[in-house]
Number of protein chains: 2
Amino acid sequence: MKSEKISEAVVRRLPVYLRYLNELQKREVSTVSSQELGQKLDLNPAQIRKDLAYFGDFGRKGIGYDVSYLIEKIRQILKLDQKINVALVGAGNLGHALSNYNAFLKDNMKIVAIFDSYSPKVGMKINNLVVQPMEELEKTVHEHGIRIGIITVPDFEAQNVANQLIASGIEAILNFAPTILKAPAHIRIHTADFTTDLQSLAYYLDNGKEDAAHDNNEVDG
Amino acid sequence: MKSEKISEAVVRRLPVYLRYLNELQKREVSTVSSQELGQKLDLNPAQIRKDLAYFGDFGRKGIGYDVSYLIEKIRQILKLDQKINVALVGAGNLGHALSNYNAFLKDNMKIVAIFDSYSPKVGMKINNLVVQPMEELEKTVHEHGIRIGIITVPDFEAQNVANQLIASGIEAILNFAPTILKAPAHIRIHTADFTTDLQSLAYYLDNGKEDAAHDNNEVDG
DNA sequence: TAGATTGTTAATCGATTAACAATC
DNA sequence: TAGATTGTTAATCGATTAACAATC
């Protein structure tokens with residue numbers, strides 16, 4: 001165990017380890033080596049050992065890592081051993097889709113409130129949650145001890161919503177709007193922008209095929 | 001202009017530049033400096049200049065970058081100056097949400113077909129596209145010259161769908177399923193996994209507040 | 001004991017940033 | 001000309017990987 005500061009790259013790999021470990025546990029595999037993890041996750045085994053060693057001596061020399069023990073430890077590191085409540089702002093298609101992923105996030109991380117500023121949406125029921133008006137944000141954040149906000153509003157509203165989330169006491173934001181949010185340094189913001197993902201993918205297309213693009217004849221209204 | 005190989009980090013920043021440049025163009029701003037770009041996008045100006053210089057001498061010393069010209073150049077680099085057709089596999093909530101973003105992607109990148117293996121979904125109309133069965137994948141990919149696939153199926157189906165996309169001739173994949181896909185080296189895969197995003201966010205929560213988590217009293221069925 | 005595998009140090013690789021001559 | 005800003009080289013910083021002693 002060392003006490004250097006942990007880079008974001010390391011932190012982002014932990015959930016990936018966790019996911020595969022959970023799969024191993026389901027298959028009743030009790031031990032795994034950095035070698036095998038690396039092969040499955042397309043990572044260098046030394047990197048995996050180093051990542052884990054930042055947080056403790058979780059493995060056994062000559063043996064590998066105990067799957068259940070490592071799951072427990074990574075869950076602790078990521079704070080997934082405590083209940084973390086999440087608010088979602090933006091009850092559009094994407095917000096609707098994400099609210100379904102509650103199941104995925106297991107018991108501990110949970111979307112407990114959905115907000116929208118567009119009045120016809122307020123009062124709608126989405127996955128057992130009633131869409132609330134923005135006016136109730138602060139009250140609800142305090143009542144439920146909500147610590148993370150997810151933004152799924154259009155880009156031009158995103159900064160405004162972020163400001164409101166921050167003012168209400170939220171600590172971290174996952175932003176799906178295609179815009180760079182400004183926030184105080186103590187607020188953690190991750191951007192999940194698939195237009196950027198998709199556009200950067202285009203760069204890697206093989207240009208020998210550019211004239212292979214056909215007209216598109218999709219069904220049209 | 002140099003001919004080193006371009007790192008993925010550089011390529012991923014280009015769409016971010018493009019997005020802000022489009023905003024500037026809408027506001028009829030004709031020129032911008034790396035300094036101003038850096039400030040707006042939270043990036044180092046030297047990095048922006050270096051990124052752009054990989055592809056050409058787009059700026060003018062003492063002046064900055066011509067907004068319209070730079071937009072044109074970045075669009076060329078990212079191949080967004082040609083029509084790129086996209087197929088979406090998985091007509092669930094998330095697939096539905098993404099198909100709406102066609103508007104966002106402007107004219108050149110477009111979802112032109114949606115597939116699902118679950119028969120009750122086949123034939124449904126989503127944004128003017130009829131959901132097709134997986135059996136029609138290869139035929140449709142060729143007919144429309146589809147080059148990119150988006151995967152929005154459950155994790156346990158993702159690898160299988162990826163294999164089919166690759167077999168049908170697709171060149172790149174944007175994967176929303178929380179799993180690491182295996183593919184030949186010439187296929188480019190980007191993963192957009194928000195469960196990972198969300199879990200890594202939890203790491204950054206301030207632990208002084210852990211006992212502030214309340215019971216959650218969401219509306220329940 | 002022999003084989004396997006960790007944790008960790010040192011080496012390498014790559015990406016970011018600073019600095020500045022060139023020049024608009 | 002003086003001020004601004006690029007393109008690029010060199011310096012710095014940080015992350016990944018290799019190597020290996022420790023040890024199960």
Side-chain angles (χ1 to χ4, degrees), chain A residues 1-17 20-21 24 29-74 77 180 200 203, chain B residues 1-17 20-21 24 29-74 77 180 200 203:
Chain A
M1 167 119 66
K2 315 179 226 148
S3 57
E4 309 169 38
K5 60 153 194 13
I6 311 296
S7 81
E8 183 172 333
V10 173
V11 175
R12 282 187 167 276
R13 282 189 292 267
L14 295 178
V16 179
Y17 302 154
Y20 183 63
L21 289 164
L24 288 176
V29 176
S30 61
T31 292
V32 69
S33 67
S34 60
Q35 168 101 141
E36 191 201 328
L37 280 170
Q39 215 210 302
K40 287 292 179 181
L41 304 176
D42 284 339
L43 296 169
N44 183 297
Q47 182 171 63
I48 294 174
R49 294 199 299 279
K50 200 165 199 285
D51 283 355
L52 296 173
Y54 283 116
F55 303 98
D57 290 1
F58 301 146
R60 286 212 296 158
K61 287 172 181 164
I63 309 288
Y65 298 90
D66 182 88
V67 171
S68 299
Y69 181 67
L70 193 51
I71 286 175
E72 189 192 323
K73 285 303 177 184
I74 295 181
I77 295 162
I180 307 290
S200 63
Y203 174 83
Chain B
M1 169 118 66
K2 316 177 226 148
S3 57
E4 308 169 39
K5 62 156 190 12
I6 311 298
S7 80
E8 184 173 333
V10 174
V11 175
R12 282 187 167 275
R13 282 190 292 267
L14 296 178
V16 178
Y17 302 154
Y20 184 63
L21 290 165
L24 287 177
V29 176
S30 62
T31 292
V32 68
S33 67
S34 60
Q35 168 100 141
E36 191 202 327
L37 279 170
Q39 214 211 301
K40 287 292 180 183
L41 304 176
D42 283 339
L43 295 169
N44 183 299
Q47 183 172 61
I48 295 175
R49 293 199 298 279
K50 200 165 199 283
D51 283 356
L52 296 173
Y54 282 116
F55 302 100
D57 289 0
F58 301 146
R60 286 212 296 159
K61 286 173 183 163
I63 308 287
Y65 298 90
D66 182 88
V67 171
S68 299
Y69 181 68
L70 193 52
I71 286 175
E72 187 191 325
K73 286 302 175 182
I74 295 181
I77 295 162
I180 308 289
S200 64
Y203 174 82

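First the proteins, then the strands, lettered A, B, ... as listed; each starts at 1. The structure presented is a predicted model; accordingly, all values stated were derived computationally and were not measured.
- No donor-acceptor contact under 3.5 angstrom links the side chains of A:Glu36 and A:Tyr65, judged on distance only.
- Under the 4.5 Å side-chain criterion, counting only non-hydrogen atoms from C-beta, A:Phe55 is in contact with A:Val10.
- Shown for residues 29-42 of chain A: residues whose heavy atoms fall under 4.0 angstrom of DNA chain C, namely A:Ser33, A:Ser34.
- As rounded to whole Å, 8 Å separates atom P of C:dG7 from atom CG of A:Leu52.
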Could you go step by step and tell me if B:Lys40 and A:Ile180 meet the side-chain contact (heavy atoms from CB on, under 4.5 Å) rule? CA-CA 8 Å; B:Lys40 287 292 180 183; A:Ile180 307 290; over 6 Å; no
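- Smallest separation of non-hydrogen atoms from B:Leu52 and B:Phe58: O-CE1, 3.7 Å.
- Summarising the geometry, the separation between OH on A:Tyr54 and C1' on C:dT9 is reported as 12 Å, rounded to the nearest angstrom.
- A:Pro15 and B:Ser200 get closest at one heavy-atom pair: CG-N, 3.9 Å.
- Residue A:Phe55 contributes atom CZ, which lies 13 Å from atom P of C:dG7 at whole-angstrom precision.
- With salt bridges taken as basic N to acidic carboxylate O contacts below 4.0 Å, one links A:Glu8 and A:Arg12.
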I'd like a table of atom pairs between the protein and nucleotides 17-24 of chain D - only N or O on both sides, under 3.5 Å - with the distance next to each one.
residue, atom, partner, partner atom, Å
D:dA18, OP2, A:Asn44, ND2, 3.3
D:dA19, N6, A:Arg49, NH2, 3.2
D:dC24, O4', A:Lys61, O, 3.0
D:dC24, O3', A:Arg60, NH1, 3.1

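- The side chain of B:Arg13 places no N or O atom within less than 4.0 Å of a non-bridging phosphate oxygen (OP1 or OP2) of C:dA15.
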A:Leu43/A:Leu37 under side-chain contact (heavy atoms from CB on, under 4.5 Å): CA gap, chis, key distance, verdict: CA-CA 8 Å; A:Leu43 296 169; A:Leu37 280 170; over 6 Å; no
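- In this structure, the side chains of B:Tyr20 and B:Leu24 come closer than 4.5 Å at one or more pairs of heavy atoms.
- Whole-Å rounding puts the B:Glu8 CD to D:dA15 P distance at 17 Å.
- DNA chain C contains the following stems of three or more consecutive Watson-Crick or G-U pairs, with both distances under 3.5 Å: C:3-24 with D:3-24.
- To the nearest angstrom, P of C:dT5 lies 18 Å from CG of A:Asp57.
- Within a 6.0 Å radius of CD in B:Glu72, more than 12 heavy atoms belonging to other residues, nucleotides or ligands are found.
- Contact annotation: A:Tyr65 does not reach the phosphate of C:dA4 (side-chain N/O to OP1 or OP2, under 4.0 Å).
- When rounded to the nearest whole Å, the span between CD1 of B:Ile48 and P of C:dA15 equals 17 Å.
- Just one of A:Val67, A:Asp66, A:Ile74 meets the side chain to side chain contact (heavy atoms under 4.5 Å, CB included) condition when paired with A:Leu70; it is A:Ile74.
- Put simply, the side chain of A:Ile63 reaches to within 4.5 Å of the side chain of A:Thr31, judged on heavy atoms.
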